[in-house]
Structures are given as C-alpha cells and as structure tokens.
K.L.:
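The structure's right below; bear with me while I get my questions together.
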Number of protein chains: 2
Amino acid sequence: MARKKEVSAEQTQRTIIATAERLFMSHGYRAISTRRIAEECGITQPALYHHFPNKQAIYLEVVRTIMVQTERAMTDVLQDYANSRERIQRIAYFMIMNHQGDMTQMFHDLQYEIDEEHRQTIQDWWMRSYFNPVMQTLTEGIAKGDVMSLPSAPPMELSFFVLEMMKSFLPPSKQDYEARREFAEKKSTMLVDILFDGIRKK
Amino acid sequence: MARKKEVSAEQTQRTIIATAERLFMSHGYRAISTRRIAEECGITQPALYHHFPNKQAIYLEVVRTIMVQTERAMTDVLQDYANSRERIQRIAYFMIMNHQGDMTQMFHDLQYEIDEEHRQTIQDWWMRSYFNPVMQTLTEGIAKGDVMSLPSAPPMELSFFVLEMMKSFLPPSKQDYEARREFAEKKSTMLVDILFDGIRKK
DNA sequence: TTAATAACTTATCACTTGATAAGTTAACTC
DNA sequence: GAGTTAACTTATCAAGTGATAAGTTATTAA
C-alpha cells in the first residue's frame with residue numbers, strides 16, 4: 001500500500017465522479033474532454049487513467065452513482081407516502097432538486113455514445129430506479145381507484161410520459177438551495193395539478 | 001455563370017441541408033463531422049465550404065428551414081381549427097409527424113454549441129413558430145371558457161409545458177409514413193386526453 | 001533501512017477535427 | 001474559341017482528442 005496522507009485515492013475518485021457528473025450532465029459526453037475533467041479536478045489528464053480504464057468508464061460510473069442515489073430516494077418516497085398524487089409529486093420534487101441539466105442529454109449519450117453491452121445494463125438500472133417506482137405508483141393508484149385508466153394511455157406508456165414530464169422541469173443548471181427548493185415545490189405542484197386534473201374547464 | 005447541367009448548386013445545397021438535418025437532429029451538432037455530412041451527400045468535405053462559410057452556418061440553415069416549415073404549418077392549424085383541444089392535438093400531430101429525434105438535442109446544441117449572436121435570432125424564430133401558436137391557443141381557450149386557468153400553471157408556463165409534452169412524444173428516428181401516421185395519431189390523442197382531462201378518477 | 005507500490009507527472013502517440021490553399025473541369029458569356 | 005467563373009477535387013494544416021509509456025515521489029510493509 002501507499003500514500004494515505006494528503007488526499008486518498010478514494011477522495012480523488014469521488015472528486016473525479018462529482019466533477020464529471022457536473023460537466024457531462026450539462027454539456028454531454030462528447031463535449032467534455034478528459035483534459036477538461038482533469039483540469040477541474042486539479043490533476044493531469046493521464047492521472048484519470050490511473051483510476052479509470054477509459055473515458056466511458058468514468059461516464060458509466062457517473063450514471064451508476066446517479067441511479068443508485070435515485071433508487072434509494074424512490075424507495076423512501078413509496079414508503080413514506082401512500083397517496084398516488086403525493087407520491088408522484090414527491091418523485092418529481094426529488095428529480096428537480098437532485099438532477100441538473102436535462103437528463104435527455106444523458107439518454108442521448110447512452111444511446112449514441114455508449115457501447116451496446118453497457119447500454120443494456122444501464123437500461124436495467126434505469127427501469128429499477130426510475131421507471132418501476134412510477135409504474136408501481138400508477139398501477140396501485142388504478143387498483144385503489146385513485147387513478148383513472150385512460151384507453152389512450154395504458155399504465156406503461158403513461159409511466160414513460162410522467163417521467164418525461166418530470167424531465168422537462170429540470171432546471172438548466174444548479175442554483176443555490178433555497179431558489180431550487182422553491183422552484184421544485186412550484187413545478188412539482190404544477191405537474192400533479194395538470195396530470196391529475198387536466199386543464200379543461202368543467 | 002457556370003454549370004447548369006448535372007446537379008445545380010441549389011440542388012446540392014438542398015441535399016446538404018436535408019442530410020445535415022437528418023444527421024444533426026438525431027446525433028447532435030458535435031457528433032456529426034463535416035466529413036460525414038459530405039460523404040452522405042456524395043461530395044468531398046471541402047466542397048461544403050463552397051456553399052457554406054462554416055459548420056455552424058450549415059446547422060443554422062437546418063434550424064431555419066425547420067422553423068419556417070413549422071410556422072407555416074402552425075398558421076394552417078390555427079386557421080383550420082377553432083377548438084382548443086383540437087388545435088393542440090393537430091399541433092402535436094404535426095410535430096410528431098415532421099420532427100425526428102429529440103428536439104431537446106437541438107435546444108441543447110443551440111445553447112451550448114452555437115454563438116450567442118445567432119442564439120438570440122433563433123430564439124425569436126422559435127417564439128414565432130412554436131411558442132406563440134400554443135400560447136395563443138391556450139389564452140384564447142381561457143377567454144372562451146374552453147380551458148381552465150390553473151393557479152399553479154399560468155398561461156406562459158403552461159405553454160412551455162405543453163411544448164415539452166409534445167417534444168417527449170417525438171419518435172427516435174424516421175419510420176415509414178403509415179407507421180408514423182398511426183403513431184402520431186395515437187400519441188396526439190393521448191396527449192390531449194391527459195392534458196385536458198387528467199388521470200384522476202372522478 | 002529497504003523494497004514495493006500507489007498515485008501521480010511529463011512526454012508523446014495516432015487519429016480526428018474544422019478549415020484553407022491551390023489545382024481542375026465544365027458551362028456560360030462575349 | 002478565348003476568357004471567366006461556379007462547382008468542385010486533392011493535399012494539407014494546426015488544434016484538439018483519447019490513450020499509453022516511462023519516469024518520479026511519497027508512503028508503508030518487511
């Protein structure tokens with residue numbers, strides 16, 4: 001073993017992932033060079049290759065970190081709230097609070113810049129952490145009589161749609177906590193108001 | 001003057017724009033090289049620079065073409081339909097039928113890859129061709145009593161949201177006409193069903 | 001104290017990128 | 001038919017890319 005003082009390898013890796021997340025998620029995979037990541041971490045570019053085998057591995061670790069964090073949060077929401085509307089709102093709130101940039105960028109990168117083999121793995125993670133909680137909320141809502149089963153929108157397609165609605169509310173970049181909190185509160189309310197009641201005058 | 005036979009310069013330029021649209025809109029600005037565009041047009045890379053000053057100019061012309069086409073279609077919709085719900089559905093139908101990939105990619109490129117000066121121009125185009133028709137439809141709907149004015153979703157924010165809903169339905173790539181038509185019909189119905197009536201059981 | 005090794009750095013690779021310079025050819029004007 | 005020019009091509013550039021090789025230094029186990 002070696003070098004425990006100064007900054008540990010673990011600390012450096014955390015810095016790399018945090019920096020890479022910020023850069024990749026706002027600018028996209030291709031737009032961010034390994035030199036840029038290294039520079040903003042305060043290390044040289046080849047040092048990245050001591051911690052990760054290649055650029056793609058850094059990206060995958062970023063995505064994995066996000067997914068793990070999300071799955072934990074989703075589990076909490078489903079445990080803490082029983083009402084469908086409240087669950088959807090809390091999920092939206094979490095995503096707006098914790099996800100920067102557009103996640104659409106991430107999905108695009110996953111589809112076009114990442115190898116087939118890893119793509120499948122990540123899609124499985126995504127199903128577990130994002131899709132299933134929403135799907136479960138909606139199907140349970142239908143079963144309980146909270147939620148209407150629209151002929152034009154079967155549960156699965158509805159779930160995808162709800163996630164798309166959430167993605168569309170993500171702020172372009174990270175602001176300070178208080179501004180973000182207020183924004184997330186407002187937008188998550190707007191989302192469930194429209195989603196559950198619609199805009200037609202009754 | 002010179003060279004009228006074979007393929008005209010105008011024809012070549014149209015080919016370049018059509019090819020660039022297909023490539024840029026599905027893969028993104030950065031992911032598409034000028035060599036790739038040229039190759040798929042059947043010309044050499046420097047030939048592009050005979051028709052356009054640089055890569056960005058090609059991209060801007062692609063975007064302009066899309067916007068012009070959209071503005072025309074939107075005008076038709078507002079002329080042909082008076083009912084708010086029908087208008088929104090026809091707008092959604094047009095977008096799903098005519099826009100490939102995710103437009104979000106386009107917005108990302110405009111924000112991160114295009115010069116400030118052009119960004120403003122394009123934003124103005126976008127307001128005219130996309131935003132205004134939706135905004136007009138919703139405000140008129142509120143005035144007529146078709147549409148409810150939600151406290152959590154003022155008309156402007158609602159309009160942005162509706163456009164985001166539409167964007168989320170865009171198919172990943174172009175299929176054959178009939179499959180696309182069916183898809184667009186289904187998704188535009190789903191959109192207005194959710195948007196106007198919501199999913200809450202009454 | 002010494003040998004091993006983690007955690008780096010400097011130097012450099014092959015390759016792709018957008019862009020330019022200079023030459024070529026076909027069509028049109030006169 | 002000579003000259004001009006539009007519409008290209010071939011050859012090449014400098015800058016930036018991901019990745020590797022080889023050297024350096026500090027820490028730790030023995």
Side-chain angles (χ1 to χ4, degrees), chain A residues 1-21 23-24 26-63 109-110 112-118, chain B residues 1-21 23-24 26-63 109-110 112-118:
Chain A
M1 289 260 256
R3 191 179 288 204
K4 274 278 175 65
K5 267 182 186 172
E6 300 268 356
V7 276
S8 69
E10 279 180 27
Q11 183 57 50
T12 306
Q13 283 178 33
R14 269 196 297 272
T15 305
I16 293 170
I17 294 303
T19 305
E21 177 180 344
L23 294 172
F24 279 144
S26 58
H27 293 80
Y29 182 75
R30 243 197 165 81
I32 297 303
S33 68
T34 52
R35 278 165 183 81
R36 174 84 185 274
I37 297 172
E39 192 190 352
E40 299 213 10
C41 288
I43 56 176
T44 59
Q45 183 249 0
L48 293 176
Y49 290 79
H50 179 76
H51 298 283
F52 300 93
N54 48 44
K55 186 187 179 185
Q56 190 176 264
I58 299 176
Y59 188 79
L60 291 175
E61 183 57 25
V62 164
V63 173
D109 287 338
L110 290 172
Y112 289 100
E113 315 283 356
I114 302 300
D115 292 347
E116 167 66 28
E117 42 164 344
H118 297 113
Chain B
M1 285 258 254
R3 190 177 289 206
K4 274 276 175 65
K5 270 183 184 172
E6 300 267 358
V7 276
S8 69
E10 278 180 28
Q11 183 56 51
T12 306
Q13 282 177 34
R14 268 195 298 272
T15 305
I16 293 170
I17 294 304
T19 306
E21 176 181 344
L23 294 172
F24 279 144
S26 59
H27 293 79
Y29 182 76
R30 244 198 164 82
I32 298 302
S33 67
T34 51
R35 276 165 185 81
R36 174 83 184 275
I37 296 172
E39 192 190 352
E40 300 213 9
C41 289
I43 56 175
T44 58
Q45 182 248 0
L48 293 176
Y49 290 79
H50 179 76
H51 299 282
F52 299 93
N54 49 45
K55 184 186 180 186
Q56 191 177 263
I58 301 176
Y59 188 79
L60 291 175
E61 184 56 26
V62 164
V63 173
D109 287 338
L110 289 173
Y112 289 100
E113 315 283 356
I114 303 300
D115 291 348
E116 167 66 29
E117 40 165 347
H118 297 113

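Within every chain, numbering begins at 1; the chains are lettered A, B, ... in the order of the sequence lines, protein sequences first and strands thereafter.
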K.L.:
Atom CD of B/Gln13 to atom C1' of D/dA7: distance rounded to whole Å?
P.N.:
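Result: 11 Å.
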K.L.:
Would you indicate whether the side-chain heavy atoms of A/Phe52 and A/Leu60 approach each other to under 4.5 Å?
P.N.:
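Of all side-chain heavy-atom pairs linking A/Phe52 with A/Leu60, none is under 4.5 Å.
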K.L.:
Can you find a side chain N or O atom of B/Thr12 that sits less than 4.0 Å from OP1 or OP2 on D/dA7?
P.N.:
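No, B/Thr12 has no side-chain N/O under 4.0 Å of OP1/OP2 on D/dA7.
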K.L.:
Tell me whether A/Tyr29 contacts the main-chain N or O of A/Leu110 through its side chain, where contact means a donor paired with an acceptor under 3.5 Å.
P.N.:
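No: the side chain of A/Tyr29 does not pair with the backbone of A/Leu110.
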K.L.:
Nearest 0.5 Å, what's the CZ-CD distance between B/Phe24 and B/Glu113?
P.N.:
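One finds 10.0 Å between CZ of B/Phe24 and CD of B/Glu113.
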K.L.:
Search all heavy atoms of B/Ile17 against all heavy atoms of B/Ile58 and return the closest pair with its distance.
P.N.:
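For B/Ile17 versus B/Ile58, the nearest heavy atoms are CD1-O, 4.0 Å.
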K.L.:
Take A/Arg35 and A/Leu48, find for each the nucleotide of DNA chain C with the closest heavy atom, and name the residue whose nucleotide sits nearer the 5' end.
P.N.:
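The answer here is A/Leu48.
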K.L.:
What integer distance in Å separates B/Glu39:CD from D/dT10:P?
P.N.:
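For the pair B/Glu39 CD and D/dT10 P, the rounded distance is 14 Å.
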K.L.:
Name the one of A/Glu61, A/Glu10, A/Gln13 that satisfies side-chain hydrogen bond (donor to acceptor under 3.5 Å, both in side chains) with A/His51?
P.N.:
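Among A/Glu61, A/Glu10, A/Gln13, the one meeting side-chain hydrogen bond (donor to acceptor under 3.5 Å, both in side chains) with A/His51 is A/Gln13.
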K.L.:
Between C1' on D/dT27 and CD on A/Glu10, what's the gap in Å once rounded to a whole number?
P.N.:
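The answer, rounded to whole Å, is 16 Å.
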K.L.:
With a 4.0 Å cut-off on heavy atoms, is B/Ser33 in touch with a base, just the backbone sugar-phosphate, or nothing at all?
P.N.:
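Result for B/Ser33 = sugar-phosphate.
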K.L.:
Kindly point out which of D/dA19, C/dT10, C/dA19 is positioned nearest to the side chain of B/Tyr49?
P.N.:
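Closest nucleotide among those given: C/dA19.
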K.L.:
Of the nucleotides D/dG18, C/dC8, D/dC8, which one has an atom closest to the side chain of A/Thr34?
P.N.:
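Among D/dG18, C/dC8, D/dC8, the one nearest the side chain of A/Thr34 is D/dG18.
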K.L.:
Just to verify, which of A/Gln45, A/Glu39, A/Lys55 counts as forming a side-chain hydrogen bond (donor to acceptor under 3.5 Å, both in side chains) with A/Thr34?
P.N.:
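Among A/Gln45, A/Glu39, A/Lys55, the one that satisfies the side-chain hydrogen bond (donor to acceptor under 3.5 Å, both in side chains) with A/Thr34 is A/Gln45.
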K.L.:
In this structure, how many angstroms lie between the C1' atom of C/dG18 and the CZ atom of B/Phe24, rounded?
P.N.:
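The answer, rounded to whole Å, is 11 Å.
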K.L.:
Calculate the interatomic distance between A/Tyr59 atom OH and D/dT17 atom P; express it in whole Å.
P.N.:
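In whole Å, D/dT17 P and A/Tyr59 OH are 18 Å from each other.
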K.L.:
Look at the side chain of A/Gln45 and decide which nucleotide, out of D/dA19, C/dA21, C/dG18, has an atom nearest to it.
P.N.:
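Among the listed nucleotides, the one closest to the side chain of A/Gln45 is D/dA19.
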K.L.:
Base, sugar-phosphate alone, or nothing: which one does B/Ile32 contact when heavy atoms must sit under 4.0 Å apart?
P.N.:
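The answer is sugar-phosphate, as B/Ile32 gets under 4.0 Å only of primed atoms, P, OP1 or OP2.
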K.L.:
Among residues 50-58 of chain B, which contact DNA chain C at a heavy-atom distance under 4.0 Å?
P.N.:
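Those residues whose heavy atoms fall under 4.0 Å from DNA chain C, taken from residues 50-58 of chain B in numerical order, are B/Asn54, B/Lys55.
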K.L.:
Go through B/Glu40 and B/Arg36 one step at a time and tell me if the salt bridge (charged side-chain N to carboxylate O under 4.0 Å, His left out) criterion holds.
P.N.:
CA-CA 6 Å; B/Glu40 300 213 9; B/Arg36 174 83 184 275; 2.8 Å; yes
